[in-house]
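Residue indices begin at 1 and follow the sequence shown.
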Amino acid sequence: MDVKTQNRLAAKYGSSAKNESGSSSATINVTGKRGNIGATGKPKNTWKTIKRLLSYLSKEAYLFIAAVSFAILFTLANLVASYLLRPIMNGFIYYSPDNSSLISRLEGLGLGLLIMAAIYAVAVISQYAQQRIMLTVSQNALKHMRNDLYRKLQTLPMRYYDTHATGDIMSRFTNDVDAIGEMLNTTLIQIISGAITIVGTIILMLYTNPLLGGITIIMTPLLTLASKLIIKSGQSAYIQQQKNLGMLNAFSEETISGQKVVKVFNHEKIANEEFEYLNNQLCEAQIKAQFTAGIMGPVTHQLCNVSYAITACVGGLLVIFKGFDIGGLTISLNYTRSFNRPINEISMQMNTVFSALAGAERIFEVLDEEPETPDTNTIRPNKIKGHIKLNNVSFGYVPKVTVLHDITLYAKPGQKIAFVGSTGAGKTTVTNLLSRFYDNLTGEITIDDIPIERLERAFLRQNIAMVLQDTHLFTGTVRENIRYGRLDATDEEVIQAAKIASAHSFIMHLPQGYDTVLECDGANLSQGQRQLLNIARAAISKAPILVLDEATSSVDTRTEKHIEEGMDAIMESRTTFVIAHRLSTVRKANAIMVLEKGHIVERGTHEELIAANGRYADLYNEIAELD
């Protein structure tokens, strides 16, 4: 990759190099989506994150306590079994003239080994039980976390999805949750067991020989200091790794789903360059993260070896000059190794801990997002008739940038109101406000003289059926996709809706008709066929308000006429808003609103606007010339 390309991508996505404030930054803007996907830095509050993780384990409190209890039993069994080496060695193995006969020593040795074997058997059973129980606890915790995350996403406003890449959101369900799962499955219980082992070992070491125990304990601050320094470096490295992974996933998801656009504009090379850049950023972050975590093991291991060597030398001198027993020296050295082993193991697990905490923080960021403005003092009328008024409505997606200016209009049940105008005039924004996808408007929107803020949001949307320009079909049968508009619809109603939308004919030519399974957003259908199913989905709804946002833009003129005939039937008693570039689709509208730069510049019927010879007439004549 040449320097010019490198600089261009660094400017677009940001660099992993640290800025003056000491943290690095990167922002993804693929397909116009913005967000803090690449933001970096240390965890805002590590202990708060740990506390929130533990709250998920508390939902299985009894099982978690059982797992910890078995971990304690496992640790104690190992410590006791190790201590039995002292009397066994002193009484039955180490030779002394005062010892009993060989047969007695062998019998005692055999009994001692049997007791040790029984204790180790208890340790094995305990370890199996704690691992099995902890697996259940961790998987249930992950289940609750995924449920919370998904439920939270359902409450977030559309603004959140407009400013966050889909791939990065999905990364929280996959990479981040998996990282947490890896820690909860094994690492957490190992840390608990290791802590218990350290405490128990200190007690037995000091009981066996205070001097040798003290030597091992004195080395602990060195181990702690080394671990602390490496952990401090590793936390930010793992945050960076998870952020870069989210960026790469976001870019991959968007370019793969948009392959037709990539290919039609010959952007394969550019896409490869951007992927390579993001992949390199991720690689660098992973190298740093894995190195800072991986170096902890060798460092602490060597410090443990130094501690072991000092203990062995001092212990040998005590045996020679102070009469310290061989069994005591043996278990002291064993405990020195046992004391260092959990420290070593915990340090080796830090990469998993770092990754899990980084993933947890990203998940909790979503859970802490502000949801849609909650319903307060709302009502749920028995029936919505469809009288809609907009009074001096102004709105902007971002502060100080107004896209709608003083929009005033009304619609009665059964009327068809059309919006026309150039791209970006604000047509779709009007329908977004009607559905309360966005709030923070000035002016007032009422339905049946009730301000939409007073209507329960779920009830409001239940009474609005929409057909969007961007089609979306779910994995499932054709029948299920149409029935998505009203889940209690009968099979006959599904077929009738398909006929209204002119979809019945092509559906019957599918391999299994209405039971044909659609996957990958209906990839086995044409764009027009997918749109027909979306229209059928709206047709089956009994919502009194219908919104058609470029609903026929993906179908040919002949199919469009069939659809219009069918839609006329379902629009008779509905208040319908139509957004269309094809002016032929709005001729029958009761009123046509011509928008330019967020203002209604003209309004009237098709005939009235043509006669006025204004902006609408210009648009109509331009399209007529193109035809």
Quiz item: Just by modelled atom types, is the D406 backbone N or O under 3.5 Å from a matching donor or acceptor in the S394 side chain?
Solution: yes
Quiz item: So, K427 and D549, do they make that salt bridge, N to O below 4.0 Å?
Solution: no
Exercise. Decide, yes or no, whether a salt bridge links R436 with D375 under the criterion of side-chain N to carboxylate O below 4.0 Å.
Key: yes
Quiz item: Quick one: do the S422 and E596 side chains pair a donor with an acceptor below 3.5 Å?
Solution: yes
Practice problem: Look up atom CG in L434 and atom CD1 in I452, then write down how far apart they are to the nearest 0.5 Å. | Solution: 6.5 Å
Quiz item: To the nearest 0.5 Å, what is the distance between CG (N463) and CG (L455)?
Solution: 8.5 Å
Quiz item: Which atom names give the shortest non-hydrogen contact between A501 and L532, and what distance separates them?
Solution: O-CD2, 3.2 Å
Practice problem: Could you tell me whether D148 and R52 make a salt bridge, using a distance below 4.0 angstrom between a side-chain N and a carboxylate O? | Solution: no
Quiz item: Can a salt bridge be assigned to the pair E456 and R380 using a cut-off of 4.0 Å between side-chain N and carboxylate O?
Solution: yes
Quiz item: What closest approach, in Å, do V467 and A538 show between heavy atoms, and which atom pair accounts for it?
Solution: CG2-CB, 3.3 Å
Quiz item: Looking at L609 and Y616, what are the two nearest heavy atoms and their distance?
Solution: CB-CD2, 3.4 Å
Quiz item: Can you tell me how far the CD1 atom of I579 sits from the CD1 atom of I417, to the nearest 0.5 Å?
Solution: 12.5 Å
Self-check item: Backbone N/O of T373 and side chain of R457: donor-acceptor pair under 3.5 Å
Solution: yes
Quiz item: Any side-chain donor-acceptor pair under 3.5 Å between Y397 and T429?
Solution: yes
Practice problem: Taking R454 for its side chain and N377 for its backbone only, find out whether a donor-acceptor pair lies under 3.5 Å. | Solution: yes
Quiz item: Looking at CD of E372 and CZ of R159, how far apart are the two atoms once the value is rounded to the nearest 0.5 Å?
Solution: 11.0 Å
Exercise. Answer with yes or no whether the side chains of D491 and Y514 bring together a donor and an acceptor at under 3.5 Å.
Key: no
Practice problem: Look up atom CD1 in I388 and atom CZ in F577, then write down how far apart they are to the nearest 0.5 Å. | Solution: 4.0 Å
Quiz prompt | Rounded distance [0.5 Å steps], OG1 in T155 versus CD in E369 | solution = 9.5 Å
Quiz item: Going by distance alone, is a donor N or O of one side chain under 3.5 Å from an acceptor N or O of the other, for S138 and N185?
Solution: yes
Quiz prompt | Check: R172 side chain, R362 main-chain N or O, donor-acceptor pair, under 3.5 Å | solution = yes
